[in-house]
Each structure stands twice: as structure tokens, then as C-alpha cells.
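Have a look at the structure below, then the notes.
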Amino acid sequence: MIEFAGQRFDSLYTVMNTESVVEFLGNVTLLQRLPSSSLKRIAEVVLFKRYDRGDYVVRENQNVDGVYFLLQGQAQVLRSAKDENCQELPLKRYDFFGHGIFGDVYSADVVALSELTCLLLMSDHRALLEIKSVSDSEKERCLVEDILYLEPLDLNVFRGFTPPNAPTYGKVYGGQLVGQALAAASKTVETMKIVHNFHSYFLLVGDINIPIIFEVNRLRDGNNFSTRSVDARQKGKTIFTLFASFQKKQQGFIHQESTMPHTPAPETLLPREEILERLVTDPLLPRDYRNKVATEIEVPFPIDIRFCEPNHSTKQTKSPPRLKYWFRAKGKLSDDDQALHRCVVAFASDLLFASISLNPHRREGMSVAALSLDHSMWFHRPLRADDWLLFVIVSPTATESRGFATGKMFNRKGELVVSLTQEAVLREAVTIKPSFGAKL
């Protein structure tokens with residue numbers, strides 16, 4: 001008899017499906033840096049291996065078949081008696097050993113101390129253990145996935161970069177900090193838990209020329225919820241911090257009061273790049289303004305944006321403090337990695353959010369800037385970042401140099417998938433030059 005989830009069964013084969021195997025794998029330290037899509041693939045190919053007490057799982061100096069993950073029971077590593085520092089190392093649930101970790105030939109015996117069940121990932125499938133990005137798609141990654149890529153340095157430490165073709169505006173784009181920090185937090189949580197909200201603060205301007213170190217603090221891991229904090233550092237200083245909460249999928253009450261506004265279909269609207277090109281060639285606009293717009297066109301943005309109400313207003317004229325536009329990632333993202341899709345939406349959300357508070361205050365010849373102070377998001381329902389989402393932004397107030405904006409994101413079915421808030425400092429300036437120190 002085997003005990004699993006508080007009940008006893010004749011065999012684990014009876015109770016374990018792919019989802020429960022994925023949940024188990026998500027608690028293995030070696031695999032916690034992998035996206036859920038990789039864990040699902042591993043779950044589909046692992047073999048169940050059963051051993052009685054006293055059986056050898058692996059013999060010293062013999063080739064091993066792959067990587068073993070201890071699912072049930074206990075084992076022990078017996079080092080060679082010739083080794084003066086010989087130690088008996090216990091192995092328990094979630095521990096792992098085998099090919100690809102200590103080499104092709106194992107240097108010790110592994111013996112079952114009780115009835116033992118292991119999951120074996122055969123050597124032929126070792127490529128599934130490779131860390132590629134938030135997504136592990138085999139096809140060429142689109143630009144936003146390259147931007148969100150993080151290099152693992154330690155269990156809770158990651159290094160992010162600003163690729164040469166990433167959107168920058170003389171400094172690290174705020175959405176990049178949000179997306180990369182959320183990706184770092186997601187890599188430390190078991191895969192069955194998905195982010196449902198985060199709150200973040202922009203502290204210093206980021207330097208695009210040096211890497212960003214993301215340090216994750218595991219604040220809490222409960223049965224259904226986990227909490228993480230992330231500090232993004234450059235030159236020893238924290239430039240951005242994020243607090244995120246993750247939850248397992250659960251059944252519960254459902255209602256929606258928010259209604260998606262009627263808008264033209266995104267396919268009927270002009271891409272943002274085409275609108276900018278028309279502004280550049282409009283002879284009725286000031287030359288300085290057209291030159292500034294031209295620099296925006298040169299910055300590649302990995303998100304396709306379609307404004308619902310394109311008009312002839314510019315940053316030189318007043319307009320209402322509201323905006324609606326459709327957006328989606330350029331290219332196809334991983335099919336089932338919800339963590340990736342939510343990181344991409346977080347990345348995209350910061351582009352125009354804060355600047356909406358400036359709309360009623362613009363005038364010809366005035367140079368203004370909106371510097372984000374904080375950014376919060378609540379994810380209500382599953383979403384796809386490579387399918388059209390409607391972003392509805394309103395700035396209800398601005399006061400004491402701060403503008404406040406709220407946002408709602410709907411999918412094409414009219415379901416509210418995300419709610420957002422952001423506060424920003426609104427400033428009038430003659431010249432705006434990024435300095436890599438305090439933002440305020």
C-alpha cells in the first residue's frame with residue numbers, strides 16, 4: 001500500500017495523472033527554473049520505477065539511464081569504502097540524482113531504504129532540462145521573449161539584460177523591469193501556482209548598458225497561495241521592487257460588472273507605427289515634434305498596438321485623460337505557459353499608461369514628462385498575450401504633481417482579464433535627460 005495525498009492506494013499509477021506529476025515536479029529544486037510547459041513535457045515522458053527495500057537503484061561506476069526524481073519512500077547514497085571521507089547521504093521526496101548531474105558514470109551506490117518509487121527522465125530527453133527563457137518554445141523566440149529572458153545565477157538570483165533591439169528611451173523601459181521581475185518571481189514558484197496580482201515601485205532610473213540583477217525573496221509558500229518579493233539591482237543599488245502573489249487554480253464565485261466598450265475590430269485599425277509615420281510626414285506639425293516622433297519609430301516595440309480612436313491630436317494639444325487601444329505581442333508565444341503570457345502583458349502595460357494623465361495639460365511648445373512611481377496589476381482570468389486584448393485607460397485625477405490612472409483589459413469575448421493602476425509624477429521640463437540616480 002502507498003500513501004498519497006493523505007490516502008492509501010495499491011499503486012501510484014492509480015492516482016497520478018499528468019497534472020499531479022507536473023505538480024510534483026514543480027517542487028523539485030532542479031526544475032523550479034523551468035516553465036510549466038517544460039514540466040508538462042517532462043511529465044509526459046518520465047517512467048515510473050519501483051524498488052523494494054534493499055534494492056540498488058544505481059550502482060557505483062556504472063552508467064545511469066537518466067535523471068531520477070524521488071516520488072515516494074527513501075533512499076541512501078553509499079560512497080565508496082575507499083573514500084576516506086565516506087558519507088551516507090539520505091535521499092527523500094523531491095531529491096534527485098543521475099545522468100547529467102554527476103556525469104555519465106555514477107560515483108556511488110544508491111540503495112532503497114524502503115519501498116521506493118522514482119520518476120526516471122531518460123537520457124534521450126535530457127534536453128528538456130535546459131533553461132531557455134520564460135518560454136521553452138522550440139521555434140525562434142519573438143523579441144518580447146528575448147527581452148524577458150533571465151540567466152539563472154543561483155536558486156533565487158537571476159540576471160536580466162537589455163538587448164540591443166529592445167525598446168529603450170535613454171533608460172531601461174519600465175515595462176521591461178516589471179516583466180523581468182515578474183518572470184524572476186514566477187521561476188521560484190511551483191508551476192501550478194500562477195500570479196494573480198503584483199504591486200511594484202520604480203525607485204531609480206535603469207542603465208541600459210549594464211545587466212540587472214533580480215533577487216527573489218520567498219516570503220510565503222502555502223497550500224494554495226505563495227508570495228514573493230523581488231529587488232532589481234544595478235551597481236549595488238535597488239532600482240525597482242515588486243511584490244507578487246501566486247495562487248493555484250480554484251473553483252469559486254464568478255461575476256463581472258464591468259462591460260467592454262464598443263470599439264472597432266483591431267483588424268480594421270492602423271498599426272501604431274503607421275500612425276507615427278503619418279505624423280512624421282505631416283507638414284502642418286512643428287518640425288521639432290516631427291523629429292521627436294521619428295525617433296520613436298526607430299525604437300522597435302515588440303507589441304502590436306491599434307488605437308481605437310485615432311485622430312489628429314498630438315502631444316502638442318490638449319485631449320481627454322482617457323485612451324482605448326487593442327494590443328498583442330508580435331509573433332506567437334508558448335501555447336500553454338500562462339506565466340509567460342502574464343509577464344508579456346505586464347511588459348506591454350507600461351508604455352502609455354502614465355502619460356494619459358498629461359493629456360489635459362498639454363500645449364504647444366511645452367515639454368512634459370510622466371515618471372512612473374508605482375504599477376499594480378490584478379489578473380482575473382487566463383489570457384493570451386499574442387491574441388488581441390483591449391486596454392481601456394482613464395486618469396480620474398491629477399494633483400500635487402502626481403497623476404493617477406486606472407486601466408482595464410478585456411479579451412475579445414468581453415471578459416475582464418486584468419485590472420491595473422498606476423501613479424506617476426507629472427513634470428514640465430525644458431530638456432529631459434536620463435540620469436542614473438534617484439528618479440525624484
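Being a predicted model, the structure only gives us computed values, none of them experimental.
Two residues are said to be in side-chain contact when any heavy atoms from C-beta on lie closer than 4.5 Å; V22 and M192 meet this criterion. Residues N411 and L383 fail the side-chain proximity criterion, which asks for heavy atoms closer than 4.5 Å. Contact annotation: the side chain of V345 never approaches that of V417 to less than 4.5 Å [non-hydrogen atoms, C-beta and beyond]. The side-chain heavy atoms of T421 and W378, taken from C-beta on, include a pair separated by under 4.5 Å. Between V45 and M122 there is no side-chain heavy-atom pair separated by less than 4.5 Å. Counting heavy atoms from C-beta on, the side chains of L143 and K330 never come closer than 4.5 Å. Taking the side chain as every heavy atom from C-beta outward, L389 and W326 never approach each other to under 4.5 Å. Side-chain contact between T259 and F410 is absent, with no heavy atoms from C-beta onward closer than 4.5 Å.
The pair E267-R412 counts as a salt bridge, with a side-chain nitrogen and a carboxylate oxygen less than 4.0 angstrom apart. No salt bridge links D154 with R159; every basic N to acidic carboxylate O contact stays at or beyond 4.0 Å.
In this structure, the side chain of R93 engages the main chain of L71 through a donor-acceptor pair within 3.5 Å. Between the side chain of R228 and the main chain of R220, a donor-acceptor pair closer than 3.5 Å is present. Side-chain N or O atoms of E423 include none that pairs as donor or acceptor with a backbone N or O of R402 at under 3.5 Å. Side-chain N or O atoms of D221 include none that pairs as donor or acceptor with a backbone N or O of S226 at under 3.5 Å. Listed for the Q180 side chain is a donor-acceptor partner under 3.5 Å among the backbone atoms of I147. A donor-acceptor contact shorter than 3.5 Å links the side chain of Q256 to the backbone of S258. Judged purely by atom type and a 3.5 angstrom limit, H341 uses its side chain to pair as donor or acceptor with the backbone of A385. Side chain of R272 to backbone of I305: no donor-acceptor contact under 3.5 angstrom is found. A donor-acceptor distance shorter than 3.5 angstrom exists from the side chain of Q176 to the backbone of F161, with no hydrogens or angles considered. Side-chain N or O atoms of Q72 include none that pairs as donor or acceptor with a backbone N or O of T117 at under 3.5 Å.
Among all heavy-atom pairs drawn from L269 and C308, the shortest one is CD1-CA, 3.9 Å. The two atoms that bring S355 and R362 nearest to each other are O-NH2, 3.4 Å, heavy atoms only. For the residue pair C142 and L333, the shortest heavy atom distance occurs at SG-CD2, 3.3 Å. Looking at every heavy atom in both residues, V392 comes nearest to P261 through CG2-CG, 3.9 Å. Contact between S349 and L420 at its shortest, heavy atoms only, is CB-CD2, 3.6 Å. Between P396 and A405, the shortest heavy-atom contact is CD-CA, 4.3 Å.
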Could you go through F202 and L371, starting from their C-alpha distance and side-chain angles, then the distance that decides it, and tell me whether this counts as side-chain contact (heavy atoms from CB on, under 4.5 Å)? CA-CA 9 Å; F202 298 91; L371 301 176; over 6 Å; no
Could you please spell out the steps behind the side-chain contact (heavy atoms from CB on, under 4.5 Å) verdict for Y173 and F301? CA-CA 11 Å; Y173 162 57; F301 198 68; 3.9 Å; yes
The test is side-chain contact (heavy atoms from CB on, under 4.5 Å); show your working for L121 and L129 and say whether it passes. CA-CA 10 Å; L121 180 67; L129 299 176; 3.9 Å; yes
Run the side-chain contact (heavy atoms from CB on, under 4.5 Å) test on S395 and N359 for me, step by step, so that the C-alpha distance in whole Å, both residues' side-chain angles and the decisive distance to 0.1 Å come before the verdict. CA-CA 9 Å; S395 174; N359 286 1; over 6 Å; no
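With values rounded to the nearest 0.5 angstrom, S357 atom OG is found 12.5 Å from R322 atom CZ. The distance from atom CG of L39 to atom OG1 of T18, rounded to the nearest 0.5 Å, is 12.0 Å. Atom CG in L70 sits 13.5 Å away from atom NZ in K49 (nearest 0.5 Å). Here D231 contributes atom CG and T238 contributes atom OG1; the two are 4.5 Å apart, rounded to the nearest 0.5 Å. Interatomic distance, CD1 of I194 versus OG of S245, reported as 12.0 Å (0.5 Å rounding). Atom CG of L31 and atom OG1 of T191 lie 9.5 Å apart (nearest 0.5 Å).
Relative orientation of the F379 and F198 rings is tilted, given thresholds of 30° and 60° on the angle between their planes. Ring orientation note: the planes of Y94 and F24 are close to parallel, at an angle under 30° on the 30°/60° scale.
Aromatic rings of F243 and Y201 (six-membered ring for Trp) have centroids beyond the 6.0 Å cut-off, not under it.
Atom NZ of K92 has 12 or fewer heavy atoms from other residues, nucleotides or ligands within 6.0 Å. Within 6.0 Å of NZ in K408 there are 12 or fewer heavy atoms belonging to other residues, nucleotides or ligands. Within a 6.0 Å radius of CD in E151, other residues, nucleotides and ligands contribute more than 12 heavy atoms.
For the 3.5 Å distance criterion, the side chains of S200 and H375 fail to qualify, holding no donor opposite an acceptor. K324 and T263 share no donor-acceptor pair across their side chains, judged by distance under 3.5 Å alone.
Only one option out of L120, D95, V28, N27 pairs with F69 in a side chain to side chain contact (heavy atoms under 4.5 Å, CB included); it is V28. Here the rule is salt bridge (Lys or Arg N to Asp or Glu O under 4.0 Å) with D207, and of K171, K237, R233, K235 only K235 fits it. For the salt bridge (Lys or Arg N to Asp or Glu O under 4.0 Å) with E23, the lone residue among K249, K40, K248 that qualifies is K248. Of the candidates W388, F307, F353, Y325 forms a ring-ring contact (aromatic ring centres under 6.0 Å, His included) with just one, namely F307.
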